[in-house]
Chemist: 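Input: one structure, supplied below.
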Protein chains: 2
Amino acid sequence: MKLMGISERKQKILHAVVTDYIQTAEPVGSRTISRRYRLDLSAATIRNEMADLEEMGYLSQPHTSAGRIPSQSGYRFYVDNLMDQAELTAQEEDYIRRLFLQLDKMREIDQIIQYTAKILSQLTNYTSLVLGPQFRRSAFKQLRLIPLDDNKALVVLITDTGFIRNNLIDLPQALNQEELGRIISCLNEQLAGLTIEGLTAARLRQLRGTLYNRLDILEQTLNMLEEIRAESESRVYLGGTSNILNQPEFQDLAKVRRLLSLFEEGKRLNFLLETPVEGVNIRIGTENNLREMSECSLVTATYLLHGRPVGAVGVLGPTRMEYARVVAIIEKITSRLNDLLKAL
Amino acid sequence: MKLMGISERKQKILHAVVTDYIQTAEPVGSRTISRRYRLDLSAATIRNEMADLEEMGYLSQPHTSAGRIPSQSGYRFYVDNLMDQAELTAQEEDYIRRLFLQLDKMREIDQIIQYTAKILSQLTNYTSLVLGPQFRRSAFKQLRLIPLDDNKALVVLITDTGFIRNNLIDLPQALNQEELGRIISCLNEQLAGLTIEGLTAARLRQLRGTLYNRLDILEQTLNMLEEIRAESESRVYLGGTSNILNQPEFQDLAKVRRLLSLFEEGKRLNFLLETPVEGVNIRIGTENNLREMSECSLVTATYLLHGRPVGAVGVLGPTRMEYARVVAIIEKITSRLNDLLKAL
DNA sequence: TTTAGCACTCTTGCGGCGAGAGTGCTAATA
DNA sequence: TATTAGCACTCTCGCCGCAAGAGTGCTAAA
């Protein structure tokens with residue numbers, strides 16, 4: 001009796017509590033359930049079951065004589081076992097279609113990703129956060145130096161995944177074409193096969209040693225490489241920040257401030273989205289491993305570029321989140337996003 | 001007597017009220033002033049003067065028996081005539097020095113600007129907002145097409161101010177070098193002397209007509225140009241968003257939400273910073289011409305690139321802002337920023 | 001095993017009340 | 001005539017108590 005799993009009836013009641021609480025944000029009592037959900041049980045019976053569920057850790061009580069609210073494990077059980085699949089409404093479908101029309105015109109990948117964040121937040125009414133494509137694993141392909149005039153040249157870096165970065169550098173006066181060519185081809189040789197994240201300080205020092213002559217050009221180029229590596233780490237975009245204020249659990253200014261400050265620290269958000277696992281992922285409360293987010297849930301999904309998952313989009317809300325709806329939306333959006341990126 | 005200007009004594013009292021209210025955020029009463037400020041006047045006298053100042057529109061009363069708070073014109077008068085120059089503390093100077101050390105390493109101008117926003121907000125404890133350099137007025141200099149392999153090429157656009165953008169395009173199979181060269185030099189000819197903002201849809205249509213052959217490449221390049229123009233419009237970065245929550249005037253969630261939503265609409269922030277006038281500029285409350293900002297003040301300053309003002313940094317706070325301190329900080333920061341940009 | 005009934009607990013909203021702060025007015029003062 | 005002291009008045013704010021409402025756990029009956 002003590003160790004038995006969670007009975008069918010308990011599951012139904014848990015389901016009712018979770019969905020009701022998600023909707024109303026009010027602790028839900030036994031009366032409410034027996035009235036609103038067709039379980040054909042009296043309030044008293046439900047009360048007993050709820051007491052059990054509380055003891056099992058799936059529900060909790062804000063205070064003695066209030067209704068129950070789901071605990072973190074309650075949500076977890078709901079998400080894993082009880083949640084039913086949501087359908088998008090016709091309006092939502094339509095809305096997505098219209099917004100993606102805008103997207104079709106964009107070519108710049110970061111721009112697309114940013115706009116996706118906006119769509120996601122508008123559709124869900126939660127805050128969205130997306131991670132720009134991570135080029136850290138991209139392999140170095142080609143380094144080009146394009147003279148513009150007598151004392152300026154453009155250094156262009158290209159990776160196998162189509163990531164391009166460039167920078168202006170100053171050319172020293174006395175430098176002929178051949179020498180320039182030699183430096184570049186030497187650099188190309190040295191860099192061949194490296195990934196962006198492989199451009200460590202140590203590696204760059206090593207290169208500096210190899211190409212000790214013509215230090216001036218080299219210095220500028222290496223600086224550029226270092227910068228690219230540094231930059232490739234934090235590219236988190238947010239959408240609908242103000243939406244968190246719609247949630248009754250964030251009427252408390254202190255909580256809001258903590259979250260907002262967190263949002264400003266791009267670096268700390270990074271790892272939230274670095275899900276190596278493909279597909280939709282749900283992390284509830286403390287599962288996020290972030291103090292500030294212990295009362296938030298995050299639904300993420302990866303998107304693909306050249307067939308590989310290179311980034312993720314996510315929806316951030318209170319643990320009392322409309323999981324079913326959010327999952328449906330995020331699945332739809334990433335699938336459309338992937339189509340779009342395939343065409344790039 | 002009725003039409004006379006504001007007497008010296010009234011100015012002193014107004015000065016006291018404003019500084020005190022800026023510090024405490026509490027309506028300030030006559031007693032407080034006679035005690036805290038060495039005006040050698042009794043509370044009663046000050047009361048009379050304050051009643052006058054209220055009638056003149058410089059002060060107002062939240063309710064009958066409360067102290068006075070400055071009105072918008074009160075702040076305006078203070079800023080124009082009464083405000084004394086603030087000095088930075090040694091710690092602040094030191095802090096700035098340390099943070100700018102970080103900045104010295106950066107080469108990417110947008111990155112520098114963004115980091116400046118962060119410094120500004122940390123130093124002032126208000127929200128900062130900065131406008132990235134506007135390249136709209138930059139003149140077109142050169143368009144390059146660099147073949148990468150058999151079916152990809154890189155289009156590079158360069159302006160006279162050193163702004164660089166590039167894009168990958170697909171090359172059609174049958175296309176020899178000469179023809180490619182011809183297209184590019186033709187485009188260069190047509191674009192010569194144009195500014196970025198001059199790349200209007202009409203102009204692009206016209207180009208499309210001129211170069212009606214080889215439409216495929218052209219199309220992609222023109223799309224790129226259009227995108228650059230569109231993008232060059234909204235580049236506002238925010239720093240220290242959560243700082244507004246520290247202000248007692250923003251304990252009201254509704255107000256916070258309105259501001260946060262505004263922050264998300266980059267486009268609408270744009271014009272706030274498009275100050276054609278060089279130097280420090282203060283706009284108080286409704287002077288910002290933005291409903292959401294009728295209770296906020298904005299202190300802005302332009303920064304220079306190649307000797308021309310191309311963007312602005314700003315500090316956003318409640319009208320009850322520490323104007324003197326903010327002005328001192330913003331002057332310091334832009335001066336250092338300008339030095340930094342000169343070296344780029 | 002389920003359910004009805006009941007006593008008990010805890011939150012929430014509301015009205016009243018007193019303290020505190022500040023004002024405007026009047027009359028006294030320099 | 002300008003300044004100041006004194007005083008009655010007003011308004012906010014926090015606190016207290018109270019009643020209503022919602023929900024529980026327990027007991028006893030079905």
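Below, chains carry the letters A, B, ... as their sequence lines are ordered, and counting in each starts from 1. Below, all heavy atoms of this structure are taken into account, side chains as well, without hydrogens, waters or symmetry copies. The structure displayed is predicted, hence computed values, not measured ones.
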Chemist: Nearest whole Å is fine: how far is C:dT2 C1' from A:Ile13 CD1?
Modeler: 12 Å
Chemist: So, OP1 or OP2 of C:dT23: does either fall under 4.0 Å of a side-chain N or O from B:Arg68?
Modeler: yes
Chemist: Using a 3.5 Å distance criterion without hydrogens, assess whether the side chain of A:Asn81 forms a donor-acceptor pair with backbone atoms of A:Phe77.
Modeler: yes
Chemist: Just compare C:dT9, C:dG24, D:dG25 and give me whichever is closest to any side-chain atom of A:Ala51.
Modeler: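 The closest nucleotide is D:dG25.
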Chemist: Tell me whether the side-chain N/O atoms of B:Arg47 come closer than 4.0 Å to OP1 or OP2 in C:dT26.
Modeler: no
Chemist: Are a donor atom and an acceptor atom from the side chains of A:Ser297 and A:Tyr75 found within less than 3.5 Å of each other?
Modeler: no
Chemist: When rounded to the nearest 0.5 angstrom, what is the spacing between CE in A:Met293 and CZ in A:Arg268?
Modeler: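 Nearest 0.5 Å value for the CE-CZ distance: 10.5 Å.
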Chemist: Starting at atom CD of B:Glu49, determine the distance to atom P of C:dG24, rounded to an integer number of angstrom.
Modeler: 13 Å
Chemist: Please work out if A:Thr45 contacts a base, only the sugar-phosphate, or nothing of the nucleic acid, heavy-atom cut-off 4.0 Å.
Modeler: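 Contact class for A:Thr45: base.
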Chemist: Using only side-chain N and O atoms of B:Ser30, determine if any of them is under 4.0 Å from OP1 or OP2 of C:dT23.
Modeler: yes
Chemist: Rounded to whole Å, how long is the line connecting atom NZ of B:Lys10 with atom P of D:dA2?
Modeler: 11 Å
Chemist: NA contact type, B:Ala44, heavy-atom cut-off 4.0 Å: base, sugar-phosphate, or nothing?
Modeler: base
Chemist: To the nearest angstrom, how far is A:Leu59 atom CG from D:dT24 atom P?
Modeler: 11 Å
Chemist: Check B:Glu93 with B:Lys332, please: is the shortest side-chain N to carboxylate O separation under 4.0 Å?
Modeler: yes
Chemist: Write down the distance between CZ (B:Arg35) and P (C:dA21), rounded to a whole number of angstrom.
Modeler: 9 Å
Chemist: Quick one: is B:Arg9 getting a side-chain N or O under 4.0 Å of the D:dT3 phosphate, OP1 or OP2?
Modeler: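 Answer yes for this pair, as a side-chain N or O of B:Arg9 is under 4.0 Å from OP1 or OP2.
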Chemist: Quiz question: going by heavy-atom distance under 3.5 Å, is there a donor-acceptor pair between the base of C:dT9 and the side chain of A:Ser65?
Modeler: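 Side chain to base: pair present.
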Chemist: Can a side chain N or O of A:Ser42 be found less than 4.0 Å away from OP1 or OP2 on C:dT3?
Modeler: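 Yes, such a contact exists.
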Chemist: When you get a sec, tell me which of C:dC10, D:dC11, C:dT23 is the closest nucleotide to the side chain of A:Thr64?
Modeler: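 Closest of the options to the side chain of A:Thr64: C:dC10.
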Chemist: For A:Asn48 and for A:Pro27, locate the closest nucleotide of DNA chain D by heavy-atom distance; then report the residue assigned to the nucleotide nearer the 5' terminus.
Modeler: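 Result of the comparison: A:Pro27.
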Chemist: Distance check needed: D:dT24 P versus A:Glu55 CD, whole Å only.
Modeler: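 Answer to the nearest Å: 16 Å.
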Chemist: Could you check how far OH of A:Tyr21 sits from P of D:dG23, rounded to whole Å?
Modeler: 14 Å
Chemist: For the pair made of NE2 in B:His63 and P in C:dG24, what is the distance, rounded to whole Å?
Modeler: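 It works out to 13 Å between those atoms.
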Chemist: Below 3.5 Å, does any donor atom in the side chain of A:Arg31 face an acceptor in the base of D:dG21, or the other way round?
Modeler: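 When only heavy-atom distances are counted, A:Arg31 does not reach the base of D:dG21 through any donor-acceptor pair under 3.5 Å.
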Chemist: Is it true that a side-chain atom of A:Thr127 and a backbone atom of A:Gly240 form a donor plus acceptor pair closer than 3.5 Å?
Modeler: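 Yes; judged by distance alone, with no hydrogens or angles, the pair exists.
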